[in-house]
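Structure provided below as structure tokens; questions to follow.
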Amino acid sequence: MRHEATAVGDTGAALKETWHLNAMGESRVLRFLFGFLMGSASVHIVWVVVLLTCPLLLSAQTIHYAKRPDVRNGEKVYKGGCIACHGSEGKGAPIASTAFTRPDTFPDFTDCAGTTPEPNGNWKAVIVHGGPSRGLSQIMPAFGDLLTDEEINDVIGYMRGFCKNVHHDPLGELNLPRALVTEKAFPENEIVISTAASASGAPAWSTDIIDERTIIDARTQLETDVPVNYADQAHNWTAGFGDITLALKREMFSSLRTGSILSLQGGILLPTGDSKRGFGAGTTQFEPFAAFDQLFKTNTFLQTQLGADLPVDTGVVPRSMFWRVAVGQAMAPDHMLGRLFSPMVEFLAVRDFKPGATTNWDVLPEMQITISRRQHVRIGFGVREPFTNTNGRVPQVMFYLLWDRADGKLWNGWR
């Protein structure tokens, strides 16, 4: 998705890590990178971000839990209070031996596609407060008054073992809150409606309808982005589609131990928008990028994205490079089991590949909030403010509605 153009817990098991990295050594790219980062305004922002995040990066390698889950004790807890409904293998007890009708949300703990993306906090909230606390069935009772915190952590560690995760899918703890512009590394199954509206000047806004879904496996994501633009041009309202994006993302490396995840994405922007009305670039563009996210033990997180827009016809629009970083903090009441609030700030930069070009820098303070009990529906909002090369660039009010369809239907999980 090209926002610049549209204007708009620990399981107790060791996880194998794989790297698939490629590098480019072309001198022109290196010279451009140096110039990009050493621009008059850029250098100050880069050094501010580095200085602010260095202490966090140093602590990133020491992520740990107060006590590693005791899987053997977790097995005792499971067999004493869970096996009657969930069965000895985690697939659910035989229907003939249960006295309830199994709801659609009844879990199969052996289903890695369904359980691996869920962070331990989601499991713990349901165990502590019962199914209705997350918009799930009332047949799941609350165990918060019956089990200690350690026993709950132990049984979660044991239940995690039902999924063998032989494909080393990224764990849900690494699925960080979505920023308004910076794309995260975690492969998703969600639908997002994202809008950016001009805060000054002639009224205009663009709404992107984004479909992200995993294909082949949980490490590969297909993205489709269809932008719809509205603008008051010379006091006449006009509307039309923008350039549609098709993209493929692949998670290359993830580690819960270090709190890190890296993905690569390649996209193509089709020239479906009317360039004469400013709704498209007027040429096909390729958009490769790398996304690296870092989670810290304080629930602080850092998301970074580095990529380029490479048009087929550079006579219509120049090649450009972009760099984005989002720094945020996840917060929730009830020991991180309640509604999630995630304030963030993004620093956004883009620079054309042409002589004399300078870097456009924007800052974007924002907030993401979960609005459904199941936390599968979220909203994000913020204001994007240009602070270099501001001539002709206006602030934008930005908003999105996110539905994580892997966690159920849009209208379910609210009460």
Side-chain angles (χ1 to χ4, degrees), residues 1 9-11 15-21 60 63 112-123 160 163 165 167-192 194 210-225 245 247-267 288-297 299-307 324-330 336 340 342 344 346 366 368 370 374-378 380 400 402-407:
M1 164 180 24
D10 190 352
T11 65
L15 301 177
K16 295 181 180 178
E17 303 171 357
T18 56
W19 282 92
H20 305 276
L21 298 176
I63 291 177
C112 293
T115 60
T116 303
E118 295 295 330
N120 282 355
N122 289 2
W123 295 47
R160 286 291 197 183
C163 162
N165 197 13
H167 299 295
H168 312 295
D169 298 336
L171 300 182
E173 278 75 9
L174 300 176
N175 188 1
L176 305 179
R178 182 187 186 99
L180 282 161
V181 177
T182 306
E183 295 210 29
K184 59 183 176 181
F186 195 93
E188 278 287 12
N189 277 292
E190 60 191 23
I191 292 177
V192 182
S194 180
I210 306 164
D211 180 289
E212 297 173 337
R213 61 183 66 211
T214 54
I215 59 172
I216 304 173
D217 57 27
R219 300 174 60 198
T220 306
Q221 173 195 291
L222 175 66
E223 176 183 323
T224 305
D225 180 353
T245 300
L248 200 64
K249 177 188 291 182
R250 178 68 176 178
E251 177 262 321
M252 311 303 292
F253 165 82
S254 65
S255 169
L256 183 59
R257 180 182 62 82
T258 62
S260 310
I261 179 170
L262 170 70
S263 292
L264 300 179
Q265 177 166 312
F289 69 76
F292 176 78
D293 299 349
Q294 180 66 54
L295 173 67
F296 305 98
K297 61 183 179 181
N299 290 314
T300 303
F301 56 86
L302 178 72
Q303 303 180 51
T304 61
Q305 182 186 6
L306 177 65
R324 303 163 181 166
V325 60
V327 183
Q329 176 71 46
M336 292 299 293
L340 187 65
S342 302
M344 294 175 260
E346 294 184 66
E366 63 198 81
Q368 188 204 71
T370 58
R374 197 172 296 174
Q375 302 202 4
H376 70 314
V377 181
R378 309 181 178 208
Y400 68 68
L402 181 157
W403 165 36
D404 188 343
R405 56 171 169 238
D407 283 338

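Side-chain atoms are counted along with the backbone in the values below, which use heavy atoms only and exclude waters and symmetry mates.
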Checklist entry - Between atom CD of Q221 and atom CG of N189, what is the distance when rounded to the nearest 0.5 Å? => result 8.0 Å
Next on the checklist: Tell me the closest heavy-atom pair linking Q294 and G259, and the distance in Å.
Outcome noted: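 Heavy atoms of Q294 and G259 come nearest at NE2-O, 3.2 Å.
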Checklist entry - What closest approach, in Å, do L340 and S342 show between heavy atoms, and which atom pair accounts for it? => result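 Closest pair (atom of L340, atom of S342, distance): CG-OG, 3.9 Å.
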Next on the checklist: Given 3.5 Å as the limit, does a donor-acceptor pair link the side chain of N299 with the main chain of A330, or not?
Outcome noted: no
Checklist entry - About how many Å separate CD of E118 and CG of D407, when rounded to the nearest 0.5 Å? => result 4.0 Å
Checklist entry - Shortest non-hydrogen contact from T116 to P170? => result CG2-O, 3.4 Å
Checklist entry - Do side-chain atoms of T304 reach the backbone of F292 as a donor and acceptor pair under 3.5 angstrom? => result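 Yes, T304 side chain to F292 backbone: donor-acceptor pair under 3.5 Å.
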Checklist entry - Is there a side-chain contact between H168 and D217, using heavy atoms and a 4.5 Å cut-off? => result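 Side-chain contact under 4.5 Å: no.
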Checklist entry - Taking R178 as the fixed residue, which of Q303, E183, E190 is the one that meets the side chain to side chain donor-acceptor pair (under 3.5 Å) rule? => result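 The single option meeting the side chain to side chain donor-acceptor pair (under 3.5 Å) with R178 is E190.
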Next on the checklist: Whether the side chain of E173 engages the backbone of L256 through a donor-acceptor N/O pair (distance < 3.5 Å, no angle test) should be reported.
Outcome noted: no
Checklist outcome for this item: d(L295 CG, S254 OG) to nearest 0.5 Å is 12.5 Å
Next on the checklist: Using the rule given for side chain to side chain donor-acceptor pair (under 3.5 Å), can you reason through S263 versus E251, listing the C-alpha separation, both sets of side-chain angles and the distance that settles it, and then say yes or no?
Outcome noted: CA-CA 4 Å; S263 292; E251 177 262 321; over 6 Å; no
Checklist entry - Taking atom CG of N122 and atom OG1 of T115, what is their separation to the nearest 0.5 Å? => result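 OG1 of T115 is found 12.0 Å from CG of N122.
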Checklist entry - Looking at CD1 of I191 and CD of E212, how far apart are the two atoms once the value is rounded to the nearest 0.5 Å? => result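 If I round to the nearest 0.5 Å, the distance is 10.0 Å.
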Checklist entry - Checking Q305 side chain against A185 main chain: does a donor-acceptor pair fall under 3.5 Å? => result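 Judged by distance alone, no pair lies under 3.5 Å.
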Checklist entry - Quick one: does N175's side chain get under 4.5 Å of K184's, heavy atoms only? => result yes
Checklist entry - Roughly how far, to the nearest 0.5 Å, is the CD1 atom of I215 from the CG atom of L222? => result 5.0 Å
Next on the checklist: Please check: side-chain N/O of E366 versus main-chain N/O of L180, any donor-acceptor pairing under 3.5 Å?
Outcome noted: yes
Item to check | Closest approach of A290 to L264 (non-hydrogen atoms, all atoms of both residues) | outcome: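 Shortest heavy-atom separation between A290 and L264 comes out as CB-CD2, 3.6 Å.
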Next on the checklist: Contact between T370 and R378 at the side-chain level, heavy atoms closer than 4.5 Å - yes or no?
Outcome noted: yes
Checklist entry - Going by heavy atoms in the side chains, are F296 and L302 under 4.5 Å from each other? => result yes
Checklist entry - Does a side-chain heavy-atom distance below 4.5 Å link R405 with D211? => result yes
Checklist entry - What are the two closest heavy atoms between A247 and Q265, and how far apart are they? => result CB-NE2, 3.2 Å
Next on the checklist: In the structure I gave you, are the side-chain heavy atoms of L176 and F186 within less than 4.5 Å of one another anywhere?
Outcome noted: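 No, their side chains stay 4.5 Å or more apart.
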Next on the checklist: If I compare all heavy atoms of P117 with all of C112, which pair ends up nearest, and what's the gap?
Outcome noted: CD-O, 3.6 Å
Checklist entry - Are the side chains of T245 and T224 in touch, meaning some heavy atoms are under 4.5 Å apart? => result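 The answer is no, as the side chains (C-beta and beyond) never meet within the 4.5 Å cut-off.
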Checklist entry - Taking the side chain as C-beta and beyond, is there a heavy-atom pair between R160 and W123 under 4.5 Å? => result yes
Checklist entry - side chain to side chain contact (heavy atoms under 4.5 Å, CB included) between D225 and E223: does it pass, once the steps are laid out? => result CA-CA 7 Å; D225 180 353; E223 176 183 323; 4.2 Å; yes
